[in-house]
Amino acid sequence: MPKRIYIFDTSLRDGEQSPGVNLNVKEKLEIGRQLERLGVDVIEAGFPIASQGDFEGVKAIAETLTEPIITALARAVKGDIDRAWEAIKGARKPRIHTFIATSPIHMQYKLKKSPEEVLNQSISMVKYARHLCPDVEFSPEDATRTEREFLYRVIEGVIDAGATVVNIPDTVGYMMPDEFGSLIADIRNNVPNIDKATISVHCHNDLGLAVANSLAAIKNGASQVECTVNGIGERAGNAALEEIVMAIKTRSDYLDYTTNINTEAIYRTSMLVSRLTGMHLQPNKAIVGSNAFAHESGIHQHGVLSHRKTYEIMTPESIGLKQSQMVLGKHSGRHAFEERLRELGYTSLDKKEIDEAFTKFKVLADKKKHVLDRDIEAIINQKAIEVPQVYELIYFHISSGNTLISTSTVKLKCEKGELEEAACGSGPIDATFKAISRATELDIKLEDYSLRAITSGADALGESTVRIRENGEIFTGRGVSTDIVEASAKAYVNAINKMLYELG
Ligand code: KIV
Ligand code: ZN
């Protein structure tokens, strides 16, 4: 009987700490719902003391989702623990996750505390958390650079104090797989009460070893792994959920473990997280990159056509990537469109949502000969997380060329009526952004801009992601169109609307 491994997803906490990522409450809830469909065991929904937005995001998830354990992070201090508890206490299965650094370098320079002080604080704060919540996880931050004997004492102390889970973080992604595996084995052999708690691991990817380290830990007795969708997270990120899960599934001959993950929901979860965080995937990203199942060379194509397993160790279908034989175009009717939506897994749309999507599909099919699955996903996802449209793009006109100064005229609609403005810029997109800023009378600080084709071919849908900064916070907007200036203008207006919605 394979041993069950618990998947702890921290996309909404450690993942959201990725530079430039800022999810609002609706977006967090949307990701939370999808993680529940994916079948994760634990969702770390945020760090409530960090901001009001974080607190509300955690609370909304705690009060909405019913299946997974909902946890929130807290430093090992009363104020943080109280705030975390306040956010998660409405959950069906709440867990407080508290941490303090235990490595010499962190204790001396960051905490300015002696090891004895850190040990006492760990124990007293776990006890404090346990009097609020029956499930308490403790993390000795930077465990992999902590002196062994001290690490064992801290773990023993917090388990005696009531910790139900002890998490061993490789905070700076420093370990080698066999070394990390041995650390977990040593903890099991040297902490007398270790069997009273679940051993968890939390690996960062600074040396590209987060997944390998997590698997080595599992082989040595860890039963919970902390990971993020697409491996997002601080610096080089965290262990990628989809890689750990598919490694366990694909190599079940070697790894005698099982998870609760519905692997067919992996692809959609990955797309959702990528879209809402604005963190695009490299094409060769394992499992979910656009090339992960593409066979380019003639030899490989020939092999796959003769027998898929020649070059495919897992199927695209196993992660929910369906390859349709049916091509939709402008002659396709509503029935075929609905059928395709169903095959793609969009089974919870109501009639109004399908009507809206079908109208958009028809507009797109007039511009594009073949409407592919990714186009349909883009249509559906376009509206997923809407904020009130303070401004709406009515039209834009551009005049541009390699011998001209680009100019753009835009018309926006808002509560006050219609606003029209024009501006020059160093290209049509720059001119359009400037005209929009003028029309809204906002001093927008553009932080980042990107444009990519969602599908292939000259008539592909373009997706633009715009990040703007206000009050030290980042707001990410997204726009999709077959016209790249329109996609960019929509993304810019979407980012402005999100900023106004969030900042009130
Ligand atoms: O990387 C880390 O050490 C963490 C802890 C708070 C678990 O994220
Ligand atoms: Zn971390």
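Just follow the structure's listing: the first ligand is 1, and inside any ligand the first atom is 1. Any value given below was found using the heavy atoms of this structure, including those in side chains, with hydrogens, waters and symmetry copies removed.
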Problem set entry | Ring-face cation contact, Phe99 with Arg75, 6.0 Å cut, 45° max |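 Negative - Arg75 is either too far from the ring of Phe99 or too far off its axis.
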
Which atoms of ligand 1 sit under 4.0 Å from any heavy atom of [X]?
{"X": "Asp14", "answer": "8 (O)"}
{"X": "Glu141", "answer": "3 (O)"}
{"X": "His204", "answer": "1 (O)"}

Pairing donors with acceptors under 3.5 angstrom, does anything connect the side chains of [X] and [Y]?
{"X": "Gln282", "Y": "Asn284", "answer": "yes"}
{"X": "Tyr449", "Y": "Ser488", "answer": "yes"}
{"X": "Tyr128", "Y": "Asp82", "answer": "yes"}

Under-4.0 Å heavy-atom contact with ligand 1, by part of [X] that carries it:
{"X": "Glu234", "result": "neither"}
{"X": "Thr10", "result": "neither"}
{"X": "His106", "result": "neither"}

For this session: Describe, in one word, how the ring planes of His97 and Phe8 are oriented to each other, choosing from parallel (under 30°), tilted (30 to 60°) and perpendicular (over 60°).
Result: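 The arrangement is perpendicular - the two ring planes meet at more than 60°.
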
For this session: Starting from atom 5 (C) of ligand 1, locate the nearest protein heavy atom and write down its residue, its atom name and how far away it is, to 0.1 Å.
Result: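 Checking every protein heavy atom, the shortest distance to atom 5 (C) of ligand 1 gives Arg13 NH2, 4.0 Å.
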
Exercise. Among all protein non-hydrogen atoms, which one is nearest to atom 4 (C) of ligand 1, and what is the separation to 0.1 Å?
Worked result: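 The closest one turns out to be His202 NE2, 3.5 Å.
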
For this session: Find out whether Val42 and Tyr6 are in side-chain contact, i.e. whether some heavy atom of one side chain is under 4.5 Å from a heavy atom of the other.
Result: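 Sidechains of Tyr6 and Val42: no contact.
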
For this session: Could you tell me whether the side chain of Arg95 reaches within less than 4.5 Å of the side chain of Glu44, counting heavy atoms only?
Result: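 No, their side chains stay 4.5 Å or more apart.
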
Problem set entry | Carboxylate-amine/guanidinium contact Lys3 Asp256, below 4.0 Å |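 Here Lys3 does not pair with Asp256 in a salt bridge, since their nearest N and O are not under 4.0 Å apart.
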
Problem set entry | Thr171 N/O under 3.5 Å from ligand 1 N/O |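 For ligand 1, there is an N or O atom that lies under 3.5 Å from one belonging to Thr171.
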
Problem set entry | Polar proximity ligand 1 side, Ser139 side, N/O cut 3.5 Å exclusive |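 The answer is no, given that Ser139 and ligand 1 share no N or O pair closer than 3.5 Å.
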
Problem set entry | the Zn ion (ligand 2) contact by Asp14, N, O or S atom under 2.8 Å |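 Yes, since at least one N, O or S atom of Asp14 sits under 2.8 Å from the Zn ion (ligand 2).
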
For this session: Determine, using heavy atoms of Glu226 and all atoms of ligand 1, whether some pair is separated by less than 4.0 Å.
Result: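 Heavy atoms of Glu226 never come under 4.0 Å of ligand 1.
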
